[in-house]
Amino acid sequence: MYDSANPAGSTPRAPQPNEPAPVLYGESVTFTETSTPAPNSSPAYGAPADPSAATFSAPAYSASVDPNAAAFNAPAYGGAPAAEPPINMPWYGIDFLNAIKRFFTKYATFSGRASRGEFWWVMLFLFLVSFVFNLLTRASSFFNVLSAIWGLAILVPQIALAVRRVHDANLPGGWVALPYGIEVVGAMVISFSMVGTVASGLSGSSSGLGSGVVGMLIGALIVLGGAVTAIVLFAKQSDPQGARFDRR
(Lines give C-alpha, C1' and ligand atoms only; values in the text may rest on other atoms or scores of the structure.)
Protein backbone atom coordinates (compact mmCIF):
# COMPACT_ATOMS: atom_id res chain seq x y z
CA MET A 1 0.00 0.00 0.00
CA TYR A 2 1.26 3.44 -0.87
CA ASP A 3 2.30 5.48 2.10
CA SER A 4 1.98 9.23 1.51
CA ALA A 5 4.29 9.89 4.43
CA ASN A 6 7.00 7.62 2.88
CA PRO A 7 6.64 7.89 -0.89
CA ALA A 8 10.10 6.49 -1.72
CA GLY A 9 9.53 3.31 0.21
CA SER A 10 12.30 4.08 2.65
CA THR A 11 12.31 3.04 6.21
CA PRO A 12 9.43 4.78 7.99
CA ARG A 13 10.48 7.30 10.60
CA ALA A 14 9.11 7.38 14.10
CA PRO A 15 6.28 9.88 14.60
CA GLN A 16 7.24 13.02 16.48
CA PRO A 17 5.32 14.35 19.47
CA ASN A 18 2.19 16.35 18.64
CA GLU A 19 2.58 15.28 15.00
CA PRO A 20 -0.58 13.99 13.27
CA ALA A 21 -0.62 10.39 12.13
CA PRO A 22 0.31 9.84 8.47
CA VAL A 23 -2.53 9.52 6.04
CA LEU A 24 -2.47 6.35 3.92
CA TYR A 25 -3.33 6.44 0.28
CA GLY A 26 -7.01 5.75 -0.28
CA GLU A 27 -8.12 6.61 3.22
CA SER A 28 -10.80 9.24 3.76
CA VAL A 29 -9.89 12.30 5.78
CA THR A 30 -12.34 14.01 8.08
CA PHE A 31 -11.65 17.63 9.03
CA THR A 32 -13.05 18.93 12.28
CA GLU A 33 -13.30 22.66 13.11
CA THR A 34 -12.02 23.60 16.48
CA SER A 35 -13.54 26.80 17.84
CA THR A 36 -12.17 28.79 20.73
CA PRO A 37 -14.92 29.72 23.16
CA ALA A 38 -15.47 33.47 23.52
CA PRO A 39 -14.48 34.85 26.87
CA ASN A 40 -17.38 35.31 29.19
CA SER A 41 -17.69 39.03 29.85
CA SER A 42 -19.95 38.55 32.84
CA PRO A 43 -18.45 36.95 35.94
CA ALA A 44 -19.79 33.68 37.23
CA TYR A 45 -22.43 33.85 39.88
CA GLY A 46 -20.74 34.28 43.23
CA ALA A 47 -17.40 35.28 41.69
CA PRO A 48 -15.83 38.59 42.79
CA ALA A 49 -16.58 41.44 40.42
CA ASP A 50 -13.89 43.37 38.55
CA PRO A 51 -13.18 46.51 40.62
CA SER A 52 -12.26 48.48 37.47
CA ALA A 53 -15.76 47.91 36.09
CA ALA A 54 -17.51 49.18 39.20
CA THR A 55 -19.79 52.16 38.89
CA PHE A 56 -18.39 54.89 41.05
CA SER A 57 -21.33 57.26 40.59
CA ALA A 58 -23.54 55.11 42.78
CA PRO A 59 -23.88 56.64 46.25
CA ALA A 60 -22.89 54.80 49.34
CA TYR A 61 -26.23 54.42 51.07
CA SER A 62 -24.66 53.78 54.42
CA ALA A 63 -22.70 57.07 54.35
CA SER A 64 -24.08 60.19 55.97
CA VAL A 65 -24.90 63.12 53.71
CA ASP A 66 -24.59 66.76 54.68
CA PRO A 67 -27.83 68.39 53.44
CA ASN A 68 -26.22 71.81 53.22
CA ALA A 69 -23.30 70.60 51.12
CA ALA A 70 -25.26 68.14 48.99
CA ALA A 71 -28.46 69.98 48.24
CA PHE A 72 -27.72 73.67 48.57
CA ASN A 73 -23.98 74.17 48.22
CA ALA A 74 -23.76 73.48 44.48
CA PRO A 75 -24.86 76.11 41.93
CA ALA A 76 -27.92 75.12 39.93
CA TYR A 77 -28.67 78.16 37.81
CA GLY A 78 -30.82 76.17 35.43
CA GLY A 79 -33.63 76.02 37.97
CA ALA A 80 -34.53 76.57 41.59
CA PRO A 81 -33.67 73.84 44.09
CA ALA A 82 -36.40 71.58 45.33
CA ALA A 83 -36.53 73.32 48.71
CA GLU A 84 -35.46 76.68 50.05
CA PRO A 85 -31.98 76.42 51.58
CA PRO A 86 -31.27 77.65 55.09
CA ILE A 87 -31.08 81.41 55.48
CA ASN A 88 -27.31 81.26 56.08
CA MET A 89 -26.70 79.47 52.77
CA PRO A 90 -26.72 80.93 49.24
CA TRP A 91 -29.80 80.21 47.13
CA TYR A 92 -28.79 79.25 43.60
CA GLY A 93 -31.60 79.63 41.08
CA ILE A 94 -33.62 81.96 43.30
CA ASP A 95 -36.58 83.84 41.83
CA PHE A 96 -37.36 87.56 41.90
CA LEU A 97 -39.71 87.68 44.91
CA ASN A 98 -37.61 85.43 47.12
CA ALA A 99 -34.50 87.47 46.31
CA ILE A 100 -36.23 90.65 47.51
CA LYS A 101 -37.44 88.85 50.63
CA ARG A 102 -33.92 87.67 51.44
CA PHE A 103 -32.56 91.16 50.78
CA PHE A 104 -34.59 92.63 53.63
CA THR A 105 -34.40 89.54 55.86
CA LYS A 106 -30.60 89.64 55.83
CA TYR A 107 -30.63 93.42 56.28
CA ALA A 108 -27.22 93.85 57.92
CA THR A 109 -25.73 90.38 57.46
CA PHE A 110 -22.19 90.73 56.12
CA SER A 111 -21.13 87.12 56.71
CA GLY A 112 -22.07 84.23 54.44
CA ARG A 113 -22.61 84.19 50.71
CA ALA A 114 -25.13 85.37 48.12
CA SER A 115 -25.65 83.84 44.70
CA ARG A 116 -25.69 85.82 41.49
CA GLY A 117 -29.46 85.52 41.38
CA GLU A 118 -29.79 86.97 44.88
CA PHE A 119 -27.69 89.96 43.85
CA TRP A 120 -28.93 90.80 40.35
CA TRP A 121 -32.64 90.34 41.09
CA VAL A 122 -32.25 92.88 43.89
CA MET A 123 -30.36 95.25 41.57
CA LEU A 124 -33.27 95.06 39.14
CA PHE A 125 -35.73 95.76 41.95
CA LEU A 126 -33.76 98.80 43.16
CA PHE A 127 -33.52 100.15 39.62
CA LEU A 128 -37.28 99.88 39.14
CA VAL A 129 -37.95 101.63 42.45
CA SER A 130 -35.54 104.41 41.55
CA PHE A 131 -37.20 104.82 38.15
CA VAL A 132 -40.62 105.13 39.78
CA PHE A 133 -39.33 107.74 42.24
CA ASN A 134 -37.89 109.77 39.35
CA LEU A 135 -41.30 109.81 37.71
CA LEU A 136 -43.10 110.75 40.92
CA THR A 137 -40.75 113.59 41.81
CA ARG A 138 -41.82 115.38 38.66
CA ALA A 139 -45.36 115.49 39.97
CA SER A 140 -44.58 116.54 43.53
CA SER A 141 -41.46 117.56 45.44
CA PHE A 142 -42.71 115.49 48.38
CA PHE A 143 -41.40 112.39 46.68
CA ASN A 144 -37.90 113.84 46.79
CA VAL A 145 -37.99 113.39 50.56
CA LEU A 146 -39.29 109.85 50.22
CA SER A 147 -36.59 109.06 47.67
CA ALA A 148 -33.89 110.31 50.03
CA ILE A 149 -35.28 108.26 52.92
CA TRP A 150 -35.45 105.19 50.69
CA GLY A 151 -31.83 105.67 49.61
CA LEU A 152 -30.67 105.79 53.22
CA ALA A 153 -32.79 102.77 54.15
CA ILE A 154 -31.25 100.50 51.50
CA LEU A 155 -27.66 101.67 51.93
CA VAL A 156 -26.65 99.12 54.59
CA PRO A 157 -28.41 96.06 53.09
CA GLN A 158 -27.06 96.91 49.65
CA ILE A 159 -23.47 96.96 50.92
CA ALA A 160 -24.10 93.76 52.89
CA LEU A 161 -25.46 92.03 49.79
CA ALA A 162 -22.44 93.11 47.76
CA VAL A 163 -20.10 91.71 50.43
CA ARG A 164 -21.93 88.37 50.45
CA ARG A 165 -21.80 88.26 46.64
CA VAL A 166 -18.00 88.56 46.51
CA HIS A 167 -17.81 85.98 49.32
CA ASP A 168 -19.63 83.57 47.00
CA ALA A 169 -16.83 84.12 44.47
CA ASN A 170 -14.29 83.31 47.22
CA LEU A 171 -13.13 86.93 47.52
CA PRO A 172 -12.80 89.01 50.70
CA GLY A 173 -15.43 91.65 51.30
CA GLY A 174 -12.88 94.41 50.80
CA TRP A 175 -13.18 93.93 47.04
CA VAL A 176 -16.51 95.75 47.22
CA ALA A 177 -14.62 99.01 47.77
CA LEU A 178 -12.87 98.72 44.37
CA PRO A 179 -15.74 99.63 41.99
CA TYR A 180 -17.30 102.08 44.43
CA GLY A 181 -13.92 103.73 45.00
CA ILE A 182 -13.40 104.16 41.26
CA GLU A 183 -16.83 105.73 40.89
CA VAL A 184 -16.19 108.10 43.80
CA VAL A 185 -12.94 109.25 42.21
CA GLY A 186 -14.72 109.81 38.91
CA ALA A 187 -17.47 111.79 40.62
CA MET A 188 -14.90 113.97 42.37
CA VAL A 189 -13.15 114.69 39.07
CA ILE A 190 -16.47 115.69 37.51
CA SER A 191 -17.34 117.94 40.48
CA PHE A 192 -14.00 119.78 40.47
CA SER A 193 -14.17 120.15 36.70
CA MET A 194 -17.64 121.65 36.91
CA VAL A 195 -16.51 124.12 39.55
CA GLY A 196 -13.54 125.08 37.40
CA THR A 197 -15.76 125.48 34.36
CA VAL A 198 -18.16 127.77 36.20
CA ALA A 199 -15.28 129.83 37.62
CA SER A 200 -13.72 130.14 34.16
CA GLY A 201 -17.03 131.23 32.68
CA LEU A 202 -17.45 133.95 35.29
CA SER A 203 -13.92 135.23 34.74
CA GLY A 204 -14.22 135.05 30.95
CA SER A 205 -11.30 132.64 30.51
CA SER A 206 -11.81 130.42 27.47
CA SER A 207 -8.82 128.18 28.26
CA GLY A 208 -10.19 127.30 31.67
CA LEU A 209 -13.56 126.55 30.14
CA GLY A 210 -12.06 124.03 27.72
CA SER A 211 -10.01 122.28 30.41
CA GLY A 212 -13.10 122.02 32.59
CA VAL A 213 -15.02 120.26 29.84
CA VAL A 214 -12.13 117.84 29.28
CA GLY A 215 -12.01 117.16 33.00
CA MET A 216 -15.72 116.31 33.09
CA LEU A 217 -15.26 113.89 30.19
CA ILE A 218 -12.36 112.20 31.98
CA GLY A 219 -14.43 111.95 35.16
CA ALA A 220 -17.31 110.40 33.21
CA LEU A 221 -14.95 107.79 31.77
CA ILE A 222 -13.66 106.98 35.25
CA VAL A 223 -17.23 106.52 36.51
CA LEU A 224 -17.96 104.27 33.53
CA GLY A 225 -14.87 102.23 34.35
CA GLY A 226 -16.12 101.78 37.89
CA ALA A 227 -19.48 100.56 36.61
CA VAL A 228 -17.81 98.03 34.31
CA THR A 229 -15.62 96.85 37.19
CA ALA A 230 -18.71 96.34 39.35
CA ILE A 231 -20.43 94.27 36.66
CA VAL A 232 -17.40 92.04 36.19
CA LEU A 233 -16.87 91.64 39.94
CA PHE A 234 -20.46 90.88 40.93
CA ALA A 235 -21.04 88.60 37.96
CA LYS A 236 -18.19 86.24 38.87
CA GLN A 237 -19.07 82.57 39.07
CA SER A 238 -19.58 80.88 42.40
CA ASP A 239 -16.62 79.17 44.00
CA PRO A 240 -17.27 76.41 46.56
CA GLN A 241 -14.20 77.59 48.46
CA GLY A 242 -16.23 80.66 49.41
CA ALA A 243 -17.84 78.56 52.14
CA ARG A 244 -15.00 79.73 54.36
CA PHE A 245 -16.92 82.99 54.79
CA ASP A 246 -20.02 81.23 56.15
CA ARG A 247 -20.89 81.76 59.79
CA ARG A 248 -19.83 78.74 61.85
Side-chain angles (χ1 to χ4, degrees), residues 54-127 129 150-187 222-248:
T55 304
F56 296 100
S57 60
Y61 294 102
S62 59
S64 60
V65 179
D66 183 6
N68 291 338
F72 308 112
N73 209 23
Y77 291 105
E84 178 180 354
I87 193 64
N88 62 331
M89 299 294 296
W91 190 342
Y92 301 105
I94 194 173
D95 54 58
F96 180 75
L97 295 178
N98 281 310
I100 298 172
K101 177 183 176 182
R102 279 204 161 202
F103 173 67
F104 290 106
T105 302
K106 305 174 75 170
Y107 188 89
T109 303
F110 292 86
S111 63
R113 295 170 288 162
S115 65
R116 286 186 291 186
E118 291 180 69
F119 181 84
W120 289 109
W121 279 129
V122 171
M123 291 300 105
L124 176 61
F125 167 71
L126 297 180
F127 171 78
V129 173
W150 169 257
L152 293 175
I154 65 172
L155 179 61
V156 172
Q158 189 173 356
I159 297 176
L161 177 62
V163 171
R164 296 196 304 270
R165 175 75 272 273
V166 297
H167 284 174
D168 189 52
N170 195 25
L171 295 174
W175 278 85
V176 173
L178 177 62
Y180 293 136
I182 295 175
E183 293 180 358
V184 168
V185 170
I222 295 176
V223 172
L224 179 61
V228 173
T229 304
I231 293 175
V232 173
L233 179 63
F234 297 128
K236 289 181 67 66
Q237 292 185 353
S238 301
D239 188 346
Q241 297 297 325
R244 63 192 178 100
F245 298 104
D246 292 344
R247 179 179 296 176
R248 304 299 179 184

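Atom CG in Leu124 sits 12.0 Å away from atom CZ in Phe119 (nearest 0.5 Å). Taking CG of Leu178 as the reference point, atom CD of Glu183 lies at 10.0 Å (rounded to 0.5 Å). To the nearest 0.5 angstrom, Ile100 atom CD1 is 11.5 Å from Thr105 atom OG1. Interatomic distance, CG of Asp246 versus CE of Met89, reported as 5.5 Å (0.5 Å rounding). From Trp175, atom CH2 reaches atom OG1 of Thr229 across 10.0 Å, with rounding to the nearest 0.5 Å.
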For a side chain to side chain contact (heavy atoms under 4.5 Å, CB included) check, start with the C-alpha distance between Leu126 and Met123, then their side-chain angles and the critical distance, and finish with the verdict. CA-CA 5 Å; Leu126 297 180; Met123 291 300 105; 3.8 Å; yes

Can you check side chain to side chain contact (heavy atoms under 4.5 Å, CB included) on Phe245 and Asp168, steps first, answer last? CA-CA 8 Å; Phe245 298 104; Asp168 189 52; over 6 Å; no

How far apart are the C-alpha atoms of Gln237 and Arg116, what are their side-chain angles, what is the distance that settles it, and do they pass the side chain to side chain contact (heavy atoms under 4.5 Å, CB included) test? CA-CA 8 Å; Gln237 292 185 353; Arg116 286 186 291 186; 3.8 Å; yes

Is there a side chain to side chain contact (heavy atoms under 4.5 Å, CB included) between Val156 and Tyr107 once you walk through the steps? CA-CA 7 Å; Val156 172; Tyr107 188 89; 4.2 Å; yes

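Relative ring orientation between Trp150 and Phe104 is described as tilted, the plane-to-plane angle lying within the 30° to 60° band.
Ser111 and Arg247 make their closest contact through OG-NH2, 3.4 Å (heavy atoms, listed as atom of the first residue, atom of the second, distance). Closest heavy-atom contact between Val223 and Ala187: CG2-N, 3.7 Å. Across all their heavy atoms, His167 and Gly173 have their closest contact at NE2-N, 3.6 Å. When all heavy atoms of Pro179 and Leu233 are compared, the pair lying nearest together is CD-CD2, 4.0 Å. Closest non-hydrogen pair, Ala99 versus Gly117, comes out as CB-O, 4.2 Å. Annotation for Arg244 and Asn170: closest pair NE-OD1, 2.7 Å, computed over non-hydrogen atoms.
Each of Lys101, Arg165, Arg102 was checked for a salt bridge (Lys or Arg N to Asp or Glu O under 4.0 Å) with Glu118, and the lone residue meeting it is Arg102.
A donor-acceptor pair under 3.5 Å links the side-chain atoms of Ser115 to the main chain of Trp91, judged by distance alone. Without hydrogens or angle criteria, Asp95 side chain to Asn98 main chain gives a donor-acceptor distance under 3.5 Å.
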